[in-house]
Amino acid sequence: MTYTSSLLRLLDERGYIHQLTDPAGLDQLAATQIVPGYIGFDATAPSLHVGSLVQIMMLRRLQQTGHKPIVVMGGGTTKIGDPSGKDESRKMLTPEGIAANIASIHTIFERFLSFGDGPTDAIMVDNDEWLSQLGYIDLLRTVGPHFTINRMLTFDSVKLRLEREQPLSFIEFNYMILQAYDFRELALRHGCRLQMGGSDQWGNIVNGIELTRRMEGREMFGLTTPLLTTADGAKMGKTAAGAVWLNDEALPAYDFWQYWRNADDRDVGRFLRLFTDLPLDEIARLEALPGSEINAAKVVLANEVTKLCRGAEAAAAAEATAAATFAGGGLGQDLPVLDLPAEGLTIVDALVGIGFAASRGEAKRLIAGGGAKVDGEAVADEAFHIAGGAERRISSGKKKHGILRPN
RNA sequence: GGACAGGUGGCCGAGUGGUUAAAGGCAGCAGACUGUAAAUCUGCCCGCGCAAGCGUACGCUAGUUCGAAUCUAGCCCUGUCCA
(Lines give C-alpha, C1' and ligand atoms only; values in the text may rest on other atoms or scores of the structure.)
Protein backbone atom coordinates (compact mmCIF):
# COMPACT_ATOMS: atom_id res chain seq x y z
CA MET A 1 0.00 0.00 0.00
CA THR A 2 1.04 3.59 -0.33
CA TYR A 3 1.49 5.52 2.86
CA THR A 4 0.82 9.14 3.55
CA SER A 5 2.90 9.48 6.69
CA SER A 6 6.55 10.19 6.15
CA LEU A 7 7.41 7.60 8.78
CA LEU A 8 5.85 4.64 7.03
CA ARG A 9 6.86 5.86 3.63
CA LEU A 10 10.46 6.01 4.74
CA LEU A 11 10.41 2.66 6.48
CA ASP A 12 8.71 1.06 3.53
CA GLU A 13 11.06 2.50 0.89
CA ARG A 14 14.10 1.43 2.79
CA GLY A 15 13.01 -2.09 3.49
CA TYR A 16 12.37 -2.11 7.21
CA ILE A 17 8.86 -3.44 7.19
CA HIS A 18 8.15 -7.11 7.50
CA GLN A 19 4.86 -7.17 9.35
CA LEU A 20 2.67 -4.35 10.53
CA THR A 21 -0.41 -4.76 12.69
CA ASP A 22 -2.65 -2.05 11.31
CA PRO A 23 -0.97 -0.27 8.42
CA ALA A 24 -3.77 2.17 7.73
CA GLY A 25 -4.27 2.99 11.38
CA LEU A 26 -0.63 3.61 12.09
CA ASP A 27 -0.22 5.59 8.89
CA GLN A 28 -3.08 7.80 9.88
CA LEU A 29 -1.71 8.26 13.39
CA ALA A 30 1.83 8.99 12.24
CA ALA A 31 0.55 11.52 9.72
CA THR A 32 -1.24 13.54 12.33
CA GLN A 33 0.70 13.32 15.57
CA ILE A 34 3.92 12.43 17.27
CA VAL A 35 4.13 8.70 17.80
CA PRO A 36 6.28 7.51 20.66
CA GLY A 37 7.68 4.13 19.67
CA TYR A 38 9.90 1.71 21.48
CA ILE A 39 12.30 -1.11 20.92
CA GLY A 40 13.73 -3.28 23.66
CA PHE A 41 17.41 -4.19 23.92
CA ASP A 42 19.34 -6.67 25.93
CA ALA A 43 21.76 -5.53 28.61
CA THR A 44 23.79 -8.72 28.73
CA ALA A 45 26.93 -7.27 27.12
CA PRO A 46 28.66 -3.89 27.25
CA SER A 47 28.03 -3.42 23.54
CA LEU A 48 25.37 -4.19 21.00
CA HIS A 49 26.40 -5.74 17.73
CA VAL A 50 25.46 -5.41 14.11
CA GLY A 51 22.49 -7.69 14.68
CA SER A 52 20.82 -4.85 16.57
CA LEU A 53 21.70 -2.20 14.07
CA VAL A 54 18.46 -2.44 12.09
CA GLN A 55 16.53 -1.78 15.27
CA ILE A 56 18.73 1.14 16.17
CA MET A 57 18.28 2.55 12.69
CA MET A 58 14.52 2.20 12.98
CA LEU A 59 14.55 4.38 16.06
CA ARG A 60 16.65 6.82 14.11
CA ARG A 61 14.13 6.82 11.27
CA LEU A 62 11.39 7.36 13.79
CA GLN A 63 13.11 10.46 15.05
CA GLN A 64 14.04 11.63 11.55
CA THR A 65 10.39 11.68 10.64
CA GLY A 66 9.35 13.62 13.70
CA HIS A 67 8.48 10.99 16.25
CA LYS A 68 9.76 9.99 19.63
CA PRO A 69 12.12 7.03 20.07
CA ILE A 70 12.08 5.16 23.36
CA VAL A 71 15.02 2.90 23.98
CA VAL A 72 14.13 0.26 26.52
CA MET A 73 16.98 -1.50 28.18
CA GLY A 74 16.11 -4.92 29.47
CA GLY A 75 17.79 -4.42 32.80
CA GLY A 76 15.02 -6.14 34.68
CA THR A 77 14.77 -9.07 32.36
CA THR A 78 18.54 -9.39 32.21
CA LYS A 79 18.52 -9.88 35.95
CA ILE A 80 16.61 -13.08 35.59
CA GLY A 81 18.63 -14.06 32.57
CA ASP A 82 16.70 -13.89 29.36
CA PRO A 83 16.70 -17.47 28.13
CA SER A 84 15.59 -16.92 24.56
CA GLY A 85 19.13 -17.57 23.36
CA LYS A 86 18.15 -21.10 24.30
CA ASP A 87 21.31 -23.23 24.13
CA GLU A 88 23.61 -21.16 26.28
CA SER A 89 21.98 -20.46 29.57
CA ARG A 90 23.15 -16.99 30.20
CA LYS A 91 25.25 -16.09 33.11
CA MET A 92 23.62 -14.14 35.85
CA LEU A 93 24.76 -10.57 35.89
CA THR A 94 25.13 -8.44 38.96
CA PRO A 95 23.08 -5.24 39.13
CA GLU A 96 26.33 -3.26 38.86
CA GLY A 97 27.33 -5.20 35.78
CA ILE A 98 23.99 -4.54 34.17
CA ALA A 99 24.19 -0.84 35.00
CA ALA A 100 27.65 -0.65 33.47
CA ASN A 101 26.44 -2.39 30.33
CA ILE A 102 23.55 0.00 30.00
CA ALA A 103 25.82 3.00 30.37
CA SER A 104 28.14 1.61 27.73
CA ILE A 105 25.32 0.87 25.33
CA HIS A 106 23.95 4.35 25.86
CA THR A 107 27.05 5.81 24.21
CA ILE A 108 26.09 4.02 21.00
CA PHE A 109 22.58 5.36 21.00
CA GLU A 110 23.88 8.87 21.45
CA ARG A 111 25.41 8.61 18.02
CA PHE A 112 22.14 7.64 16.40
CA LEU A 113 19.57 9.57 18.36
CA SER A 114 19.30 12.90 20.00
CA PHE A 115 18.28 12.60 23.61
CA GLY A 116 16.57 15.19 25.73
CA ASP A 117 13.27 16.37 27.17
CA GLY A 118 11.65 17.67 24.03
CA PRO A 119 8.62 16.05 22.46
CA THR A 120 10.62 14.19 19.83
CA ASP A 121 13.76 13.73 21.85
CA ALA A 122 14.81 10.19 22.50
CA ILE A 123 14.68 8.74 25.97
CA MET A 124 16.19 5.62 27.43
CA VAL A 125 14.44 3.70 30.17
CA ASP A 126 15.24 0.52 32.03
CA ASN A 127 12.44 -1.96 32.50
CA ASP A 128 13.96 -2.82 35.85
CA GLU A 129 12.20 0.31 37.07
CA TRP A 130 8.86 -1.43 37.02
CA LEU A 131 9.63 -5.10 36.72
CA SER A 132 11.62 -5.29 39.92
CA GLN A 133 8.69 -3.78 41.81
CA LEU A 134 6.39 -6.43 40.57
CA GLY A 135 5.00 -8.98 43.00
CA TYR A 136 4.19 -12.39 41.65
CA ILE A 137 0.67 -12.47 43.04
CA ASP A 138 0.02 -8.95 41.78
CA LEU A 139 1.21 -9.86 38.35
CA LEU A 140 -0.97 -12.95 38.27
CA ARG A 141 -4.01 -10.95 39.31
CA THR A 142 -3.56 -8.01 36.96
CA VAL A 143 -2.14 -9.66 33.90
CA GLY A 144 -2.94 -13.33 34.31
CA PRO A 145 -6.63 -13.15 33.39
CA HIS A 146 -5.77 -11.66 30.01
CA PHE A 147 -3.65 -14.52 28.82
CA THR A 148 -4.89 -17.97 28.02
CA ILE A 149 -2.49 -20.85 27.82
CA ASN A 150 -4.38 -22.04 24.76
CA ARG A 151 -3.46 -18.89 22.96
CA MET A 152 0.09 -18.72 24.22
CA LEU A 153 0.69 -22.18 22.89
CA THR A 154 -0.21 -21.04 19.39
CA PHE A 155 2.56 -18.48 19.15
CA ASP A 156 5.37 -19.48 16.88
CA SER A 157 8.02 -18.93 19.49
CA VAL A 158 6.33 -21.54 21.64
CA LYS A 159 4.87 -23.75 18.96
CA LEU A 160 8.06 -24.24 17.02
CA ARG A 161 9.91 -25.14 20.13
CA LEU A 162 7.36 -27.71 21.13
CA GLU A 163 7.17 -29.15 17.66
CA ARG A 164 10.88 -29.56 17.49
CA GLU A 165 10.73 -31.14 20.94
CA GLN A 166 13.14 -28.57 22.25
CA PRO A 167 13.00 -27.67 25.90
CA LEU A 168 11.02 -24.60 26.79
CA SER A 169 11.39 -23.54 30.36
CA PHE A 170 8.72 -21.85 32.40
CA ILE A 171 10.60 -18.60 32.54
CA GLU A 172 10.91 -18.56 28.80
CA PHE A 173 7.25 -19.21 28.50
CA ASN A 174 6.65 -16.24 30.78
CA TYR A 175 8.95 -13.96 28.93
CA MET A 176 6.27 -12.84 26.52
CA ILE A 177 4.12 -11.82 29.42
CA LEU A 178 6.80 -9.60 30.87
CA GLN A 179 7.37 -8.02 27.50
CA ALA A 180 3.66 -7.44 27.07
CA TYR A 181 3.68 -5.85 30.48
CA ASP A 182 6.52 -3.57 29.37
CA PHE A 183 4.52 -2.32 26.42
CA ARG A 184 1.54 -1.47 28.58
CA GLU A 185 3.76 0.20 31.15
CA LEU A 186 5.35 2.33 28.45
CA ALA A 187 1.93 3.32 27.20
CA LEU A 188 1.02 4.53 30.67
CA ARG A 189 4.31 6.20 31.46
CA HIS A 190 5.28 7.69 28.13
CA GLY A 191 2.22 7.48 25.93
CA CYS A 192 3.97 4.86 23.83
CA ARG A 193 1.90 3.68 20.89
CA LEU A 194 4.22 1.57 18.84
CA GLN A 195 6.54 -1.32 19.45
CA MET A 196 9.05 -2.39 16.87
CA GLY A 197 11.39 -5.33 16.74
CA GLY A 198 12.76 -8.22 14.75
CA SER A 199 10.39 -10.68 13.15
CA ASP A 200 10.92 -13.09 16.03
CA GLN A 201 9.29 -10.51 18.28
CA TRP A 202 5.97 -10.56 16.50
CA GLY A 203 4.24 -12.76 19.04
CA ASN A 204 5.53 -10.75 21.96
CA ILE A 205 4.50 -7.50 20.35
CA VAL A 206 1.02 -8.71 19.54
CA ASN A 207 0.59 -9.86 23.12
CA GLY A 208 1.53 -6.41 24.36
CA ILE A 209 -0.96 -4.80 22.03
CA GLU A 210 -3.73 -7.09 23.24
CA LEU A 211 -2.88 -6.64 26.87
CA THR A 212 -2.86 -2.89 26.63
CA ARG A 213 -6.11 -2.86 24.75
CA ARG A 214 -7.81 -5.08 27.28
CA MET A 215 -6.48 -3.39 30.36
CA GLU A 216 -6.39 0.21 29.25
CA GLY A 217 -8.60 0.28 26.21
CA ARG A 218 -5.79 1.84 24.22
CA GLU A 219 -5.06 1.07 20.63
CA MET A 220 -1.45 0.11 20.05
CA PHE A 221 0.64 -0.76 17.01
CA GLY A 222 3.35 -3.22 16.19
CA LEU A 223 5.91 -3.42 13.43
CA THR A 224 8.59 -5.99 12.75
CA THR A 225 11.63 -5.96 10.51
CA PRO A 226 12.58 -8.85 8.27
CA LEU A 227 15.09 -11.29 9.65
CA LEU A 228 18.33 -9.96 8.33
CA THR A 229 20.72 -12.41 6.82
CA THR A 230 23.59 -11.90 4.48
CA ALA A 231 23.17 -13.04 0.91
CA ASP A 232 24.82 -16.35 1.63
CA GLY A 233 22.36 -17.05 4.38
CA ALA A 234 24.37 -16.27 7.48
CA LYS A 235 22.99 -14.30 10.35
CA MET A 236 24.11 -10.70 10.21
CA GLY A 237 26.87 -9.56 12.42
CA LYS A 238 28.46 -12.87 13.17
CA THR A 239 31.91 -13.63 11.90
CA ALA A 240 34.40 -16.28 12.79
CA ALA A 241 36.20 -13.83 15.02
CA GLY A 242 32.97 -13.21 16.89
CA ALA A 243 30.26 -10.64 16.81
CA VAL A 244 30.69 -7.36 14.98
CA TRP A 245 30.40 -5.02 17.92
CA LEU A 246 29.26 -1.48 17.63
CA ASN A 247 31.29 -0.10 20.49
CA ASP A 248 34.78 1.07 19.75
CA GLU A 249 36.26 -0.69 22.76
CA ALA A 250 34.76 -3.98 21.65
CA LEU A 251 35.93 -3.92 18.03
CA PRO A 252 38.53 -1.64 16.40
CA ALA A 253 37.10 0.78 13.87
CA TYR A 254 39.29 -0.63 11.11
CA ASP A 255 37.83 -4.12 11.59
CA PHE A 256 34.37 -2.65 11.72
CA TRP A 257 34.99 -0.83 8.47
CA GLN A 258 36.37 -3.97 6.87
CA TYR A 259 33.23 -5.89 7.81
CA TRP A 260 31.19 -3.61 5.58
CA ARG A 261 33.81 -3.31 2.91
CA ASN A 262 33.68 -7.10 2.52
CA ALA A 263 29.93 -7.24 2.10
CA ASP A 264 28.53 -9.54 -0.52
CA ASP A 265 27.75 -7.79 -3.81
CA ARG A 266 24.12 -8.73 -3.47
CA ASP A 267 23.82 -7.09 -0.08
CA VAL A 268 25.17 -3.68 -0.96
CA GLY A 269 21.94 -1.97 -1.96
CA ARG A 270 19.93 -3.40 0.87
CA PHE A 271 22.55 -2.46 3.43
CA LEU A 272 22.89 1.05 2.08
CA ARG A 273 19.16 1.56 2.42
CA LEU A 274 18.97 0.13 5.90
CA PHE A 275 22.15 1.36 7.46
CA THR A 276 22.95 4.70 5.91
CA ASP A 277 21.17 8.00 5.40
CA LEU A 278 22.15 8.29 1.76
CA PRO A 279 19.32 9.34 -0.55
CA LEU A 280 17.62 6.55 -2.41
CA ASP A 281 18.55 7.71 -5.88
CA GLU A 282 22.21 7.77 -4.90
CA ILE A 283 21.87 4.26 -3.50
CA ALA A 284 20.18 3.09 -6.68
CA ARG A 285 23.12 4.41 -8.65
CA LEU A 286 25.67 2.76 -6.37
CA GLU A 287 24.09 -0.65 -6.29
CA ALA A 288 23.80 -0.70 -10.06
CA LEU A 289 27.53 -0.35 -10.56
CA PRO A 290 28.63 -3.24 -12.77
CA GLY A 291 31.27 -5.84 -12.03
CA SER A 292 34.15 -4.80 -9.87
CA GLU A 293 32.99 -1.20 -9.82
CA ILE A 294 30.61 -2.27 -7.06
CA ASN A 295 33.67 -2.08 -4.83
CA ALA A 296 33.31 1.68 -4.87
CA ALA A 297 29.83 1.25 -3.44
CA LYS A 298 31.20 -0.99 -0.72
CA VAL A 299 33.65 1.69 0.28
CA VAL A 300 30.79 4.16 0.50
CA LEU A 301 28.84 1.69 2.60
CA ALA A 302 31.77 1.10 4.93
CA ASN A 303 32.40 4.82 5.25
CA GLU A 304 28.81 5.74 5.94
CA VAL A 305 28.13 3.05 8.49
CA THR A 306 31.43 3.60 10.25
CA LYS A 307 30.74 7.32 10.33
CA LEU A 308 27.44 6.73 12.06
CA CYS A 309 28.75 4.25 14.55
CA ARG A 310 32.24 5.50 15.19
CA GLY A 311 32.39 9.04 13.89
CA ALA A 312 33.74 10.65 10.75
CA GLU A 313 37.33 10.63 11.91
CA ALA A 314 37.39 6.91 12.58
CA ALA A 315 35.79 6.25 9.21
CA ALA A 316 38.34 8.35 7.37
CA ALA A 317 41.22 6.70 9.20
CA ALA A 318 39.91 3.24 8.42
CA GLU A 319 39.46 4.09 4.78
CA ALA A 320 42.97 5.53 4.59
CA THR A 321 44.41 2.43 6.18
CA ALA A 322 42.54 0.19 3.78
CA ALA A 323 43.69 2.23 0.81
CA ALA A 324 47.32 2.18 1.90
CA THR A 325 47.23 -1.50 2.72
CA PHE A 326 45.37 -2.92 -0.23
CA ALA A 327 45.83 -0.54 -3.10
CA GLY A 328 49.28 0.64 -2.06
CA GLY A 329 50.55 -2.66 -0.72
CA GLY A 330 51.96 -0.67 2.15
CA LEU A 331 50.90 -0.19 5.70
CA GLY A 332 48.02 1.75 7.13
CA GLN A 333 48.29 3.08 10.61
CA ASP A 334 45.09 1.45 11.84
CA LEU A 335 46.43 -2.05 11.38
CA PRO A 336 47.19 -4.16 14.42
CA VAL A 337 50.70 -3.63 15.72
CA LEU A 338 53.15 -5.96 17.42
CA ASP A 339 56.44 -4.86 18.94
CA LEU A 340 59.41 -6.13 17.01
CA PRO A 341 62.40 -6.59 19.31
CA ALA A 342 65.86 -5.64 18.07
CA GLU A 343 66.86 -9.29 17.80
CA GLY A 344 63.82 -10.06 15.69
CA LEU A 345 61.09 -12.67 16.03
CA THR A 346 60.30 -16.05 14.62
CA ILE A 347 57.48 -16.07 12.14
CA VAL A 348 55.45 -18.35 14.39
CA ASP A 349 55.79 -16.05 17.40
CA ALA A 350 54.91 -13.07 15.26
CA LEU A 351 51.74 -14.69 13.89
CA VAL A 352 50.61 -15.76 17.33
CA GLY A 353 51.63 -12.49 18.94
CA ILE A 354 49.66 -10.33 16.56
CA GLY A 355 46.64 -12.59 16.79
CA PHE A 356 46.59 -14.11 13.31
CA ALA A 357 46.92 -17.57 14.82
CA ALA A 358 45.42 -18.85 18.04
CA SER A 359 48.20 -21.31 18.75
CA ARG A 360 51.67 -22.16 17.52
CA GLY A 361 50.26 -25.18 15.76
CA GLU A 362 47.78 -23.03 13.92
CA ALA A 363 50.55 -20.64 12.91
CA LYS A 364 52.56 -23.54 11.51
CA ARG A 365 49.60 -24.78 9.57
CA LEU A 366 49.09 -21.35 8.15
CA ILE A 367 52.71 -21.31 6.99
CA ALA A 368 52.45 -24.83 5.59
CA GLY A 369 49.40 -23.75 3.64
CA GLY A 370 51.24 -20.84 2.12
CA GLY A 371 49.18 -18.15 3.78
CA ALA A 372 51.82 -16.43 5.86
CA LYS A 373 53.66 -13.46 4.38
CA VAL A 374 56.26 -11.02 5.54
CA ASP A 375 56.53 -7.83 3.52
CA GLY A 376 54.34 -9.47 0.92
CA GLU A 377 56.65 -12.46 0.45
CA ALA A 378 55.22 -15.87 1.29
CA VAL A 379 57.11 -17.61 4.06
CA ALA A 380 57.44 -21.34 3.57
CA ASP A 381 59.80 -22.16 6.42
CA GLU A 382 58.21 -22.30 9.83
CA ALA A 383 61.59 -21.61 11.43
CA PHE A 384 61.86 -18.35 9.49
CA HIS A 385 63.30 -15.54 11.56
CA ILE A 386 62.12 -11.99 11.03
CA ALA A 387 65.00 -9.59 11.47
CA GLY A 388 64.45 -6.64 13.75
CA GLY A 389 65.43 -3.04 13.19
CA ALA A 390 62.86 -1.99 10.62
CA GLU A 391 59.12 -1.90 10.30
CA ARG A 392 57.83 -5.04 8.67
CA ARG A 393 54.46 -6.00 7.27
CA ILE A 394 53.08 -9.36 8.30
CA SER A 395 50.07 -10.94 6.64
CA SER A 396 47.79 -13.90 6.95
CA GLY A 397 46.19 -14.47 3.62
CA LYS A 398 45.18 -11.56 1.50
CA LYS A 399 43.08 -9.67 3.95
CA LYS A 400 44.68 -9.76 7.33
CA HIS A 401 47.66 -7.50 7.67
CA GLY A 402 49.60 -6.20 10.61
CA ILE A 403 52.62 -4.14 11.48
CA LEU A 404 55.74 -5.36 13.23
CA ARG A 405 57.26 -2.22 14.67
CA PRO A 406 60.67 -1.84 16.28
CA ASN A 407 60.39 -0.42 19.75
C1' G B 1 7.92 -41.28 41.77
C1' G B 2 7.83 -45.08 37.35
C1' A B 3 8.96 -46.68 32.07
C1' C B 4 11.66 -45.55 27.82
C1' A B 5 15.22 -42.64 24.92
C1' G B 6 19.44 -39.74 25.10
C1' G B 7 24.09 -36.53 26.72
C1' U B 8 30.48 -37.30 21.34
C1' G B 9 35.14 -32.01 18.94
C1' G B 10 32.25 -24.45 17.55
C1' C B 11 27.41 -26.83 15.65
C1' C B 12 24.92 -31.26 13.47
C1' G B 13 26.01 -36.29 13.57
C1' A B 14 28.50 -41.56 13.05
C1' G B 15 30.97 -44.81 16.17
C1' U B 16 29.14 -49.34 20.74
C1' G B 17 36.20 -53.02 23.86
C1' G B 18 42.07 -52.23 20.54
C1' U B 19 44.01 -50.30 13.57
C1' U B 20 39.66 -43.96 17.06
C1' A B 21 42.44 -37.42 18.14
C1' A B 22 37.33 -40.17 17.00
C1' A B 23 33.60 -41.20 9.81
C1' G B 24 30.60 -37.57 7.35
C1' G B 25 28.40 -32.72 6.96
C1' C B 26 28.20 -27.43 8.31
C1' A B 27 30.93 -23.35 10.02
C1' G B 28 36.09 -21.57 10.05
C1' C B 29 41.30 -20.76 8.08
C1' A B 30 44.61 -20.92 3.86
C1' G B 31 45.78 -21.82 -1.59
C1' A B 32 44.05 -21.43 -6.89
C1' C B 33 40.61 -18.32 -9.79
C1' U B 34 38.95 -13.06 -8.94
C1' G B 35 37.16 -7.50 -7.72
C1' U B 36 39.48 -7.18 -0.19
C1' A B 37 32.63 -10.13 -3.91
C1' A B 38 30.02 -14.77 -5.15
C1' A B 39 30.39 -19.68 -7.05
C1' U B 40 33.89 -23.61 -7.81
C1' C B 41 38.20 -26.72 -6.96
C1' U B 42 42.40 -28.01 -3.38
C1' G B 43 44.68 -28.30 1.45
C1' C B 44 44.17 -27.57 6.71
C1' C B 45 41.08 -27.71 10.94
C1' C B 46 42.63 -30.03 20.11
C1' G B 47 47.44 -28.40 22.53
C1' C B 48 52.92 -28.85 23.02
C1' G B 49 57.13 -30.62 20.16
C1' C B 50 61.87 -30.13 14.37
C1' A B 51 60.55 -35.03 15.08
C1' A B 52 59.77 -39.88 17.29
C1' G B 53 56.37 -38.65 20.74
C1' C B 54 53.73 -36.58 24.86
C1' G B 55 49.41 -34.27 27.09
C1' U B 56 44.43 -33.53 27.06
C1' A B 57 39.24 -34.97 24.95
C1' C B 58 33.48 -38.39 23.92
C1' G B 59 27.92 -35.41 30.83
C1' C B 60 30.40 -36.38 36.16
C1' U B 61 32.63 -39.98 39.58
C1' A B 62 34.30 -44.64 40.80
C1' G B 63 35.28 -49.44 38.78
C1' U B 64 36.14 -53.97 35.24
C1' U B 65 40.13 -54.74 31.60
C1' C B 66 46.80 -55.48 29.14
C1' G B 67 43.52 -51.77 26.73
C1' A B 68 37.14 -48.00 27.43
C1' A B 69 33.87 -42.83 23.77
C1' U B 70 32.49 -47.99 23.69
C1' C B 71 31.37 -52.68 29.54
C1' U B 72 29.55 -52.01 35.13
C1' A B 73 27.72 -48.99 39.31
C1' G B 74 26.29 -44.42 41.37
C1' C B 75 25.28 -39.40 40.31
C1' C B 76 23.90 -35.00 37.27
C1' C B 77 21.24 -33.12 33.05
C1' U B 78 17.56 -33.34 28.77
C1' G B 79 13.37 -35.29 26.17
C1' U B 80 8.88 -38.56 25.55
C1' C B 81 5.10 -41.24 27.95
C1' C B 82 2.71 -42.83 32.65
C1' A B 83 1.44 -41.56 37.91
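Per chain, numbering begins at 1; letters A, B, ... match sequence-line order.
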Under 3.5 Å, is there a donor on one side chain and an acceptor on the other for N303(A) and W260(A)?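 Result is no, nothing qualifies.
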Using the [atom1] atom on both, measure [N] against [M] and round to a whole Å.
N      : M      : atom1 : result
G6(B)  : C54(B) : P     : 35 Å
A51(B) : C33(B) : C1'   : 36 Å
G67(B) : G17(B) : C1'   : 8 Å
A3(B)  : G47(B) : C1'   : 44 Å
A57(B) : U34(B) : C1'   : 40 Å
G55(B) : G1(B)  : P     : 42 Å
C58(B) : U8(B)  : P     : 11 Å
U42(B) : A52(B) : C1'   : 29 Å

Residues in ring pair (Phe, Tyr, Trp, His ring centres under 6.0 Å) with F356(A), at least two apart? none
Side chains of residues 281-292 of chain A: which donor-acceptor pairs under 3.5 Å do they make with residues two or more places apart or in other chains?
residue: E282(A); atom: OE1; partner: R285(A); partner atom: NE; Å: 3.4
residue: E282(A); atom: OE2; partner: R285(A); partner atom: NH2; Å: 3.2
residue: E287(A); atom: OE2; partner: R273(A); partner atom: NH1; Å: 3.0

For D265(A), which residues count as a side chain to side chain donor-acceptor pair (under 3.5 Å) partner, sequence neighbours excluded?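 Here the qualifying residues are K298(A).
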Can you list every stem that RNA chain B is part of, counting only runs of 3 or more consecutive Watson-Crick or G-U wobble pairs with both distances under 3.5 Å? B:1-7 with B:76-82, B:10-12 with B:24-26, B:28-32 with B:40-44, B:46-48 with B:53-55, B:59-63 with B:71-75
So that I know where these two stand, are H190(A) and Y38(A) an aromatic pair - ring centroids less than 6.0 Å apart?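 So the answer is no for these two rings.
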Interatomic distance, F356(A) CZ vs G28(B) C1' [rounded to whole Å]: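 In whole Å, G28(B) C1' and F356(A) CZ are 16 Å from each other.
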Going by atom type alone, with no hydrogens or angles, which donor-acceptor pairs under 3.5 Å involve a side-chain atom of residues 64-76 of chain A and a protein atom two or more places apart or on another chain?
residue: Q64(A); atom: OE1; partner: R61(A); partner atom: NH1; Å: 3.1
residue: Q64(A); atom: NE2; partner: D277(A); partner atom: OD1; Å: 3.2
residue: Q64(A); atom: NE2; partner: D277(A); partner atom: OD2; Å: 3.4
residue: T65(A); atom: OG1; partner: R61(A); partner atom: O; Å: 2.9
residue: T65(A); atom: OG1; partner: L62(A); partner atom: O; Å: 3.2
residue: H67(A); atom: ND1; partner: V35(A); partner atom: N; Å: 2.8
residue: H67(A); atom: NE2; partner: T65(A); partner atom: O; Å: 3.4
residue: K68(A); atom: NZ; partner: G118(A); partner atom: O; Å: 3.3
residue: K68(A); atom: NZ; partner: D121(A); partner atom: O; Å: 2.7

Counting primed atoms, P, OP1 and OP2 as sugar-phosphate and everything else as base, the B/S/- map of nucleotides 34-53 of chain B against protein heavy atoms under 4.0 Å is BBBBS-----SS-SSSS---
Show me the pairs that pass side-chain hydrogen bond (donor to acceptor under 3.5 Å, both in side chains) and involve residues 354-373 of chain A, at least two apart or across chains. D349(A)-R360(A)
Can you tell me which residue pairs pass the side-chain hydrogen bond (donor to acceptor under 3.5 Å, both in side chains) test with a partner in residues 381-390 of chain A, sequence neighbours excluded?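 Sorted result for residues 381-390 of chain A: empty, none.
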Identify all side-chain donor-acceptor contacts of residues 196-203 of chain A below 3.5 Å with residues at least two apart in sequence or on another chain.
residue: Q201(A); atom: OE1; partner: Q179(A); partner atom: NE2; Å: 2.9
residue: Q201(A); atom: OE1; partner: N204(A); partner atom: ND2; Å: 3.1

